[in-house]
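Here the structure is laid out as structure tokens; the discussion comes afterwards.
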Amino acid sequence: MRAKLFWKLGLTYLALLIGGLLAVDLYSARVLRRDYIRSANDKLTALTNVAQNRPPRIDDTVDLHAWTKWMAESGARVTVIDRTGLVLDDSMHDPETMENHSNRPEIREAFASGSGESVRHSATLGRDLVYRAVRYQPPTGPPVVLRLALPLAQINFALAELRQRLLVASLVILLLGTVFSFAFSRIFSVRVGRLKDFSHRVAQGDFHPLPSERPHDELADLAEAMNETAARLDQTIQSLSGERNRSSAILRSMVEGVGVIDARERLVFSNRAFSEILGLDSTAIEGRPVIEVVRNSDLLSLIRRALRGEEGLGTDVTIGIVQPRTFSVTATPVQALETAASSGSSAVVDAAAEKPSGAVVVLHDVTELRRLERVRQDFVANVSHEFKTPLTAIQGFAETLLSGAISDPKNNRRFIEIIRDHATRLARLTDDLLKLARIEAGKLDLEFYPVGIPELIERCSETTLLKASRKHIALEIDVPPALPDVRGDPALLRDVLQNLLDNAVQYTSAGGHIRVSAAVDTREAIITVADTGIGIPLADQERIFERFYRVDVARSREAGGTGLGLSIARHIVEAHGGRLWVESEVGAGSKFFFSIPLAA
Ligand code: ADP
């Protein structure tokens with residue numbers, strides 16, 4: 001390319017130079033010839049004037065010859081021709097041997113108008129001449145023509161000489177011109193080549209500016225402008241890539257799954273959360289058809305509706321079979337979207353703004369939210385249910401009393417006692433609920449003290465002993481001496497142990513056995529309440545710690561249980577940094593364990 005430009009420029013200059021020189025040569029030859037003919041004509045006019053003033057005697061051959069000789073001394077050829085074209089005398093040729101001259105243009109013109117001129121080749125002398133002829137009327141006889149001619153040979157000499165000089169000058173100019181034109185075109189093509197290399201560099205992302213060009217001409221201006229463009233491009237690309245990095249960092253770190261799908265239903269962008277949610281390898285999904293990546297039909301149809309331009313789409317979608325998770329999905333159509341380079345296509349911009357060029361889908365994990373919503377709904381239903389039974393009983397018995405039973409000495413006291421029991425149950429239920437609400441709201445004010453395990457067990461056993469003996473259940477306490485203190489809130493720890501002991505008495509039949517024991521390891525103390533009661537089925541063992549969950553609802557209600565005891569106990573134990581768990585076998589009995597960290 002560079003060589004081509006160099007040769008093109010060089011040869012063009014050379015051709016122009018040669019053309020110019022040829023034009024000068026032709027023009028100067030013409031001018032020279034015209035000037036010479038004009039001056040020859042002037043000279044011939046002067047001579048013909050002389051000839052007319054001193055005309056020859058035509059009828060005297062000797063005088064005519066003498067006159068011709070005299071006139072020829074001026075350097076011109078002199079010819080005298082009569083009316084018929086016969087040459088009467090000639091200074092350069094024998095008139096006897098000369099042909100008839102009546103057809104010569106200058107002679108015909110002279111006879112016709114008095115004078116005539118012509119520049120032509122002389123057939124008599126065989127050379128080029130400038131002729132001027134005038135008509136002369138002798139005193140007697142017909143008119144004759146006096147013709148004078150000057151040769152053009154001199155001009156040819158002068159022209160030849162001029163040409164020679166011109167040739168030498170042209171050769172010198174040509175040589176210098178060639179050197180200069182080739183040198184100039186070489187420099188020019190090198191500079192253009194530099195600009196070309198620069199634009200290649202810019203295209204490949206190298207924005208180092210060109211050194212300033214010399215001399216300061218249009219090419220230097222072009223280089224300057226290209227430098228400026230490259231600098232702007234560099235700046236724009238940097239700010240764009242900064243922007244892009246920021247956006248992709250934000251998208252990457254989002255817990256929500258974000259996917260961008262183009263109009264041809266190809267996934268052009270996705271963040272890590274998106275591929276994790278769909279269980280895909282994040283490195284290989286971009287550019288793939290969305291139908292290959294998204295297997296969930298609800299999600300797929302939502303994406304397709306967004307691609308058709310529907311706005312404000314959102315729904316809950318459950319993904320996963322083993323561990324199903326619920327996602328709140330929103331899909332939004334986007335108007336201008338660039339497809340990823342990986343898909344191998346250029347930017348797709350739907351200028352018509354009619355049909356979207358893609359869609360953005362966002363998946364937000366709401367599994368926990370939905371679970372909590374369910375728990376809340378269940379809780380409200382459970383609470384209402386728990387309140388309903390005692391309230392109905394109170395209402396019923398109160399109405400019975402009012403409608404006359406109050407004066408029935410046999411039943412009135414019993415009815416009032418029933419009302420009191422249900423009211424007590426309601427009060428307990430309310431107490432438990434308040435306690436639970438406080439614990440769950442994190443408003444439980446724990447006051448930690450070193451608590452002695454034997455004292456804790458002893459105080460709770462006192463209350464239990466009475467209940468146990470009434471049911472003929474044996475209570476055994478097995479606490480090793482010199483146990484270290486645990487760190488806890490004494491009142492709350494008592495609530496926990498009391499609840500476990502009450503349950504043990506409650507769910508153990510007469511003749512059973514309850515054993516309270518304690519053991520210590522390096523970090524914590526573990527207190528165990530074991531009974532020989534009805535036991536808990538394996539499937540319910542974890543659920544009994546949920547609010548209101550009861551294995552046998554009727555039995556629990558009958559005993560005044562609320563179904564909240566174990567839930568509260570577990571919360572309290574966990575607030576102490578410990579654990580509460582159960583091991584049980586139906587028919588054989590249950591063992592409840594709770595651990596509390598030791599006081600430092
Ligand atoms: P409740 O007020 O009904 O006792 P809890 O939360 O204390 O509520 O206990 C929940 C359920 O766990 C009980 O209804 C009962 O079915 C079961 N449960 C608790 N302790 C025992 C136990 N020692 N033996 C058998 N089942 C038990």
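In each ligand, atom 1 is the first atom listed, and ligand 1 is the first ligand listed.
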Value for CZ (F548) from CD (E386), rounded to nearest 0.5 Å, stands at 5.5 Å

So which heavy atom in the protein is nearest atom 21 (C) of ligand 1, and how far is it from that ligand atom? Y507 CD1, 3.5 Å

Measure across T367 and D365 and return the closest heavy-atom pair with its distance rounded to 0.1 Å. OG1-OD1, 2.6 Å

What do we get for Y549 next to ligand 1 when only non-hydrogen atoms under 4.0 Å count, side chain, backbone, both or neither? backbone

Between R547 and F379, is NZ or CZ placed under 6.0 angstrom from the six-membered ring centre and within 45° of the ring axis? yes

Sequence neighbours excluded - side chain to side chain donor-acceptor pair (under 3.5 Å) pairs with any residue from residues 530-541: D540-Y549

Ligand-residue contact atoms, ligand 1 with N499, heavy atoms, under 4.0 Å: 7 (O)

In this structure, atom 3 (O) of ligand 1 is nearest to the protein heavy atom S556 OG, 2.6 Å

Is atom CZ of R428 surrounded by more than 12 heavy atoms (other residues, nucleotides or ligands) closer than 6.0 Å? yes

Can you tell which of A530, S584, A504, G563 gets a heavy atom nearest to atom 8 (O) of ligand 1? G563

Does a side chain donor of either D316 or T326 reach within less than 3.5 Å of an acceptor in the other side chain? no

Is it the case that the side chain of S584 and the backbone of I536 share a donor-acceptor pair, with hydrogens and angles ignored and the cut-off at 3.5 Å? yes

Can you tell me the protein heavy atom closest to atom 4 (O) of ligand 1 and the distance? N503 OD1, 3.0 Å

What about F397 and H422, are their ring centers closer than 6.0 Å? no

Among protein heavy atoms, which lies nearest atom 26 (N) of ligand 1, and at what distance? I536 CG1, 3.3 Å

Heavy atom of S590 under 4.0 Å from ligand 1? yes

For atom 14 (O) of ligand 1, which protein heavy atom lies nearest, and how many Å away is it? R550 CG, 3.0 Å

At what distance, to the nearest 0.5 angstrom, does CG of L497 lie from SG of C460? 4.0 Å

For atom 17 (C) of ligand 1, what's the nearest protein heavy-atom neighbour? Residue, atom name and distance, please. I544 CG2, 4.0 Å

Would one find an N or O of S567, backbone or side chain, under 3.5 Å from an N or O of ligand 1? no

Selected option - heavy-atom contact closest to atom 5 (P) of ligand 1, from V551, L566, T562: L566

For atom 23 (N) of ligand 1, state which one of T508, D531, V553 supplies the nearest heavy atom. D531

Heavy atom of F545, distance to ligand 1 below 4.0 Å: no

